[in-house]
2 protein chains.
Amino acid sequence: MPRPSPAATAKPAGGPAALPAPPAFRPLYLQIKDLLVRSLDAREWHPGEAIPSEPVLAARFGVSQGTVRKAIDALAADNLVVRRQGKGTFVATHTEEAHSTFRFLHIRRDDGVDEYPASRIVDVKRGKSGDEVARLLGLAPGDAVVVVRRLLDWDGAAAVLDEITLPAALFRGLTRAKLAAYEGSMYGFFETAFGVRMIAAHERLKAVAAPAEAAALLGVAPGTPLLEVDRVAFTYGGRPVEFRRGLCSTTRHHYFNALG
Amino acid sequence: MPRPSPAATAKPAGGPAALPAPPAFRPLYLQIKDLLVRSLDAREWHPGEAIPSEPVLAARFGVSQGTVRKAIDALAADNLVVRRQGKGTFVATHTEEAHSTFRFLHIRRDDGVDEYPASRIVDVKRGKSGDEVARLLGLAPGDAVVVVRRLLDWDGAAAVLDEITLPAALFRGLTRAKLAAYEGSMYGFFETAFGVRMIAAHERLKAVAAPAEAAALLGVAPGTPLLEVDRVAFTYGGRPVEFRRGLCSTTRHHYFNALG
DNA sequence: CAGTGGTCTAGACCACATC
DNA sequence: ATGTGGTCTAGACCACTGG
C-alpha cells in the first residue's frame, strides 16, 4: 500500500509551478503532526486521555506506523503529549505530571528544597486592556480583561506577587471563589475550567525597585530590588492567551534556568 | 549480521546476578551515543570538523545505519553536533553557528534589535578559589583560579559586568592581551585556545542593589536594582569548568527566556 | 555524478502494563 | 495472553551538496 492516502496526496505534489524559494516540501510525518495538533486544538481528546494507538493512527492516516511514530515523537518533544510505554500516549495536562510541575515555574528556594508554593488570591478584577497588554495578547485596546493578583507562599512566606491578565472572552465566569477553591496549579485550573491549555511561554526579566504596595504584600522594604518577570503564555498555534507580571523577592529565592 | 559487535556485547548481558532494580538495560543507540560522546571528549574530531558518515560509523560499531542515526539524533538534540543535509554531521562549535549565538547569551535589547554586544576586558587576575566557587567547580578550596572581569557593550553602552572564574589548571597562559585580541565570543576563545568546550550551563538569577564599583562601570547610580546572573558552565560529562557572576543593568535590556 | 543526511516503509523482536 | 510503546534492522527512495 504505497499510501494512496488523503494526507499523502497533500505532499510535494505541485506541478512545475513557478514557485521559487519556499520549502515546497513538508515531510509526511510533519504533515501528520500538524493534523494531530489540529485534533488536539479541536479538543478531540481531553487532557490526560490517551490518544489512539500508533497502529490505529497509521491506518487512519494511511501511512506506516513508523511515520506516525515520528510525528508523535515530535509532539512529545514539544510537550504536547506524553508517552508511557505499555500504556499509550496521553494528552499533556497541567493537572498531573508531577515531574514537569516546574516547567512553568522557575522560581526556586535557595536552599534547594523542591517545595511547591501555595497560591493565595489577593483580588480578581475586571477591566479594559491597555495598549501594551492588548498588543501582547492580540486584542484590541479596551477589550475586556480579567486581572488576577495572587501571592505565592513558600513555607508560609510570600516570595512572589503575580498580576495575571486574561482575555475576558476566554475566561467567562472566572471568580475569586472558584480560583481559591481549586487545588493545584493555575494552569491546571485554566485547563479544566475553561479548556484553555498553556503549552509555551516567553519571559522577560528585569530588576526593579519594589513599589510600596508590592513591598507590603511581600514583606520587604519599599525600594528593595525585586525580580520582575513578564510572561506571555501561548496555546496551540502560538496564540497568546495570558500576560503575567511577577514580582519576586530574591532574598531566599532565585530564578533558575538551565541552558542546553 | 545480527551485531556480534563490541558495543552490542555490553548490552543487557548480565547473567542471573542478584541485581534487583536498576535499568539493567540501555538501548544500543544510547550506548553508541555514549561512545561518540567519549570520542568527542577525547578530541577525536575537532570543533567544526565533520564526524564520519553514518554508513562508516555503522560499520565501525557493527550496527545498522538506523541505529547510528538515532544516536546522532540524540547528540544533535543535545547540541553536541550539527547535521547538515548533503554535507555531513559536524562537531558543534562556538566559533561559527551564527544562529545559535544566543544559546548562552540571554540578555537582549528591549527594542528587539538582535545586536551582538562587544566585549571589553576590565582586568584579569590570578588568585585562590573561595569555598563557594570551589564547591561549584569541584575544586579544593584554595586551588588556583583565574578571574576575568569584562563589560558587554551594546551600541557603545555597557549593560553587563561579568566576573568569570576559571580553574587555572585548565586555562594556562590566559592573558588579558590574548583575550582582548580574540574576535568572537568568549566560549569560542576557550574552545580554540584551551580546547575547553562549554556545552551546557545552569543560571540562577536574583535582583540586587548595585555596588559602588559595578555602578560606576555600568554608568548607573549606586543602589540601582541590577539583575545578578550566576552561571555554572559544563563540558562533556557534566564537568563544571566555569563560574560566572554577571551584573546587568535592565534599563534598556532584559533577560529573555523561552519556556517550552 | 557520487556522497551525504532525510524520509518512508515493513517486519521482527523487546520491555512494560494490564487483565 | 494481549496490547501498548520502544528498539533494531534492511532497503528503497528523496533532497541537498559539491566536484
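Naming convention: chains lettered A, B, ... in sequence-line order (proteins, then strands); numbering from 1 in each chain. These numbers come from the heavy atoms of this one structure, side chains and all, not from hydrogens, waters or symmetry mates. All values reported here derive from a predicted model rather than from experimental measurement.
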Under-3.5 Å N/O pairs linking protein and nucleotides 1-3 of chain D:
unit_1 : atom_1 : unit_2 : atom_2 : d
D:dG3  : N2     : A:G86  : O      : 3.0

| query | Between A:R204 and B:Y255, is NZ or CZ placed under 6.0 angstrom from the six-membered ring centre and within 45° of the ring axis? | reply |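 That pair does not qualify as a cation-pi contact.
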
What is the separation between atom [atom1] on [X] and atom [atom2] on [N], rounded to the nearest whole Å?
X     : N     : atom1 : atom2 : answer
A:D73 : D:dT7 : CG    : C1'   : 12 Å
B:I72 : C:dG5 : CD1   : P     : 7 Å
B:F25 : D:dG5 : CZ    : P     : 17 Å
B:L57 : D:dC8 : CG    : P     : 16 Å
B:L30 : D:dC8 : CG    : C1'   : 13 Å
B:R26 : D:dG6 : CZ    : C1'   : 14 Å
B:E54 : D:dC8 : CD    : P     : 15 Å
B:Y29 : D:dT9 : OH    : P     : 13 Å

| task | Run the numbers on B:F104 and B:H94 for ring-ring contact (aromatic ring centres under 6.0 Å, His included), then give the verdict. | result | CA-CA 10 Å; B:F104 287 97; B:H94 288 97; 5.6 Å; yes

| said: Check this for me: does the side-chain of B:R69 come within 3.5 Å of the base of C:dG5 through a donor and an acceptor? | reply: no

| query | Side chain of B:R83, base of C:dG6: donor and acceptor closer than 3.5 Å? | reply |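 Result: no qualifying N/O pair found.
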
| Any side-chain heavy-atom pair of B:Y116 and B:F102 under 4.5 Å | yes

| said: Could you check whether B:R197 pairs with B:D41 (Lys NZ or Arg NE/NH1/NH2 to Asp/Glu carboxylate O, under 4.0 Å)? | reply: no

| message | With a sphere of 6.0 Å drawn around CZ of A:R38, does it hold more than 12 non-hydrogen atoms of other residues, nucleotides or ligands? | response | no

| message | If the cut-off is 4.0 Å, is A:K70 near the phosphate of C:dC8, judged by side-chain N/O to OP1 or OP2? | response | no

| Looking only at side-chain N and O atoms, does B:R84 come under 4.0 Å of OP1 or OP2 in C:dT4? | no

| remark: B:R135 meets the side-chain contact (heavy atoms from CB on, under 4.5 Å) criterion, sequence neighbours left out, with B:E132

| Can you name the residues that form a side-chain contact (heavy atoms from CB on, under 4.5 Å) with B:Q85, not counting sequence neighbours? |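 B:Q85: no side-chain contact (heavy atoms from CB on, under 4.5 Å) contacts found.
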
